[in-house]
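Right, one structure below, let's go through it.
Order of appearance sets the numbers: ligands from 1, and atoms from 1 within every ligand. Nothing fancy with the numbering, it's 1 onward along the sequence.
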Amino acid sequence: MGLIQTLPTTVVHLIAAGEVIDSLGAVVRELIENSIDAQANRIAISIWTDTLTVQVSDNGQGMTLEDLEQAATPHTTSKIHTETDLHQITSLGFRGEALHSLAQLANLQICSRKPGDTIGWQITYDSNGQVEGEPRTVAIAPGTIVTAKQIFSNRPSRLQALPVISQQLRKIQLQIQQTAIAHPQITWQVNLDDRSWFTLWSGETMQDVLPQMLSSISVNDLVSRQFSELHPSYVIPANPSELTYTSPLASSLSQNTVQINVTLGLPDRVSRRRADWVKVAINGRFVQFPEMEQVIFAKFARTLPRHRYPICVTHLQVPPHHVDWNRQPAKNEVYLHHLNYYQEQLSKAIAQLLEVPEPRMLTSSAAATQMLRTAESNVPYTSSLLNISPKALAQVHNTYILVEHATGLWLVEQHVAHERVLFEQLESQWQIVPLEQPLILKHLSPQSIERLEAIGIEIDAFGEDLWAVRSLPAVLVNCEDLEAAVIELSYQDDPQLTRATIACRAAIRNGTALDLGAMQDLLNQWQKTHNPHTCPHGRPICLSLEETHLARFFRRNWIVNQK
Ligand code: ADP
Ligand code: MG
């Protein structure tokens, strides 16, 4: 008896039924997931569009002849054996259905060789997933090659319903890219119609892989970090059945720790027209997860201009028994237990990444990071600015504050920095104070009056088409053009925009001379804000010249010994 077993009927009945393979993309998805479960770190994919053929080769664990003979029969899998296993899935596959479906829909052939064996086996399957003809020995490298030819040729209606090939290929490319981000240890070589289509190189973490897909974005625009937490409600899960199978995920998933990997584009540097790079992966697979995406959008809401979306790619690695993959056949949706807890963790993780303008190291390769570190060995290097005290040096053009800090220089625009400070003050305390002299305004519409009253401003009729404003938000009281500010406020429906308007009106204007004390005060307050990168309208606040960049620019690293 090989590793692969047929699932008990009771378990089969628990598994979300449905067509596993409904597109070319699904063929690619199922085959590459099998390669990942087999612990491959090199995967080659070839697609031939004229014959609708897909071939996936890997250097994974391979299959014995016995396993090969079983692999395409219904509900056979080496990844789970019992119902208990179904609730703690550590592999991508578990239904034992993909190869069987593929045998039904295409001409399926698999060659495989176990790493310890001297020879491999080749099997062709009939449309029931049974071995057709005699197994043949083949000389192949350890690993597995699955070839599915003429996909859907016996399903004319399915074939007709497929979208145009370019659209299918775009989906496949996205599928491979996402899988690569979730499994950075793998190198991918993808061919299309006998020509190389694209390659993705492996790395240590997703931040090594991601820039290969975001070629228009510099790695310096991205920051990433991995957060680990002990999950508070640790329950010892039931014993899984004795599985000979160990998945590569199993080693990175633990029963009680949660790892959250986040890579995001700094909002003052990059944003996108569509939300195409807001992504959430759970335990090795990207999923549609509106509840988590909302957390991401909310975190960026006040740092991005309207109608712009962040780049934010997240991978949550959670105890396997917290995830129910059995929601639908394509596994692109999940049930996550302790959803609120995970939303909070993700929110905290993003907040921390956005908090301080981090000294930006090249994260793309460990070697580059090492080189820059060495170049700076005489400069104290801190990974966070919390313990750095920025020092105002001078004002430039009555507009910029020149700032020195431990890892470089900043040029801070005084107006937007102050706007950010006031905006956050208004968020934490909304204070209305009476005016000594009422402000008299003309021509206010009933809606305008309603809006002003709604935010707590006291206003009453003063004469024909005249109104007296008797109280205002405290920060506005000394504003230069009070009348224009109140009129502008009377147009705002959204409380957030109202606060942004007040902050903008009340903030120090550019062109105003400031002494060193005032500049230092402003800096200290700005440093403490939650989102120091941008003003509430999304404009950047600070231009940063990091020592690391300066060292590179002045080529100081050339004289340093390199390993
Ligand atoms: P599942 O992945 O849900 O187990 P599949 O039908 O996709 O079901 O695969 C059936 C079995 O065939 C797997 O459980 C695995 O043991 C084996 N298998 C499939 N593809 C590979 C591969 N590339 N390398 C090694 N074993 C494989
Ligand atoms: Mg599978």
Would you mind telling me if ligand 1 is within reach of the side chain of [X], the backbone, both or neither, using heavy atoms under 4.0 Å?
| X | result |
| --- | --- |
| Leu92 | neither |
| Thr77 | both |
| Thr144 | side chain |
| Glu97 | backbone |
| Ala38 | side chain |

Point-to-point distance, once rounded to the nearest 0.5 Å, from CZ of Arg269 to OG of Ser218: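 OG of Ser218 is found 7.0 Å from CZ of Arg269.
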Measuring from atom CG of Asn332 to atom CD of Gln175, what distance do you get when rounded to the nearest 0.5 angstrom?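 The CD atom of Gln175 is 9.0 Å from CG of Asn332, to the nearest 0.5 Å.
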Donor-acceptor check, side chain of Ser347 to backbone of Gln343, threshold 3.5 angstrom: yes or no?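 It does not hold such a pair.
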Whether Phe286 and His315 hold their rings parallel, tilted or perpendicular, with breakpoints at 30° and 60°: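 Taking His315 first and then Phe286, their aromatic rings sit tilted (interplane angle of 30° to 60°).
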Does NZ or CZ of Lys331 come closer than 6.0 Å to the centre of the six-membered ring of Phe94, within 45° of the ring's axis?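 Yes, Lys331 lies over the aromatic ring of Phe94.
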Decide whether an N or O pair under 3.5 Å exists between [X] and ligand 1.
| X | answer |
| --- | --- |
| His100 | no |
| Ala98 | yes |
| Asp37 | no |
| Ile4 | no |
| Met63 | no |
| Gln61 | no |

salt_bridge(Arg285, Glu33) N-O dist < 4.0 Å: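 The answer is yes: the pair qualifies as a salt bridge.
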Answer yes or no: is there an ion pair linking Asp22 with Arg158, defined by an N-O contact shorter than 4.0 Å?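 Looking at Arg158 together with Asp22, the answer is no, because their closest N to O distance does not fall below 4.0 Å.
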If the cut-off is 2.8 Å, does any N/O/S atom of Thr77 fall short of it from the Mg ion (ligand 2)?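 Within the cut-off used here (under 2.8 Å), Thr77 places no N, O or S atom near the Mg ion (ligand 2).
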Could you check which of Asn34, Ile80, Thr64 puts a non-hydrogen atom nearest to atom 19 (C) of ligand 1?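 Shortest heavy-atom distance from atom 19 (C) of ligand 1: Asn34.
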Of all the heavy atoms in Glu30, does at least one lie under 4.0 Å from an atom in ligand 1?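 Distance cut 4.0 Å: Glu30 fails for ligand 1.
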Contact between Gly62 and ligand 1, counting heavy atoms under 4.0 Å?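 The answer is yes, since Gly62 has a heavy atom less than 4.0 Å from ligand 1.
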Going by distance alone, is a donor N or O of one side chain under 3.5 Å from an acceptor N or O of the other, for Asp193 and Thr49?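 The answer is yes; a qualifying pair exists.
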CA sep, side-chain torsions, deciding dist, call: Gln189, Asn191, side chain to side chain donor-acceptor pair (under 3.5 Å): CA-CA 7 Å; Gln189 170 61 53; Asn191 298 317; 3.3 Å; yes
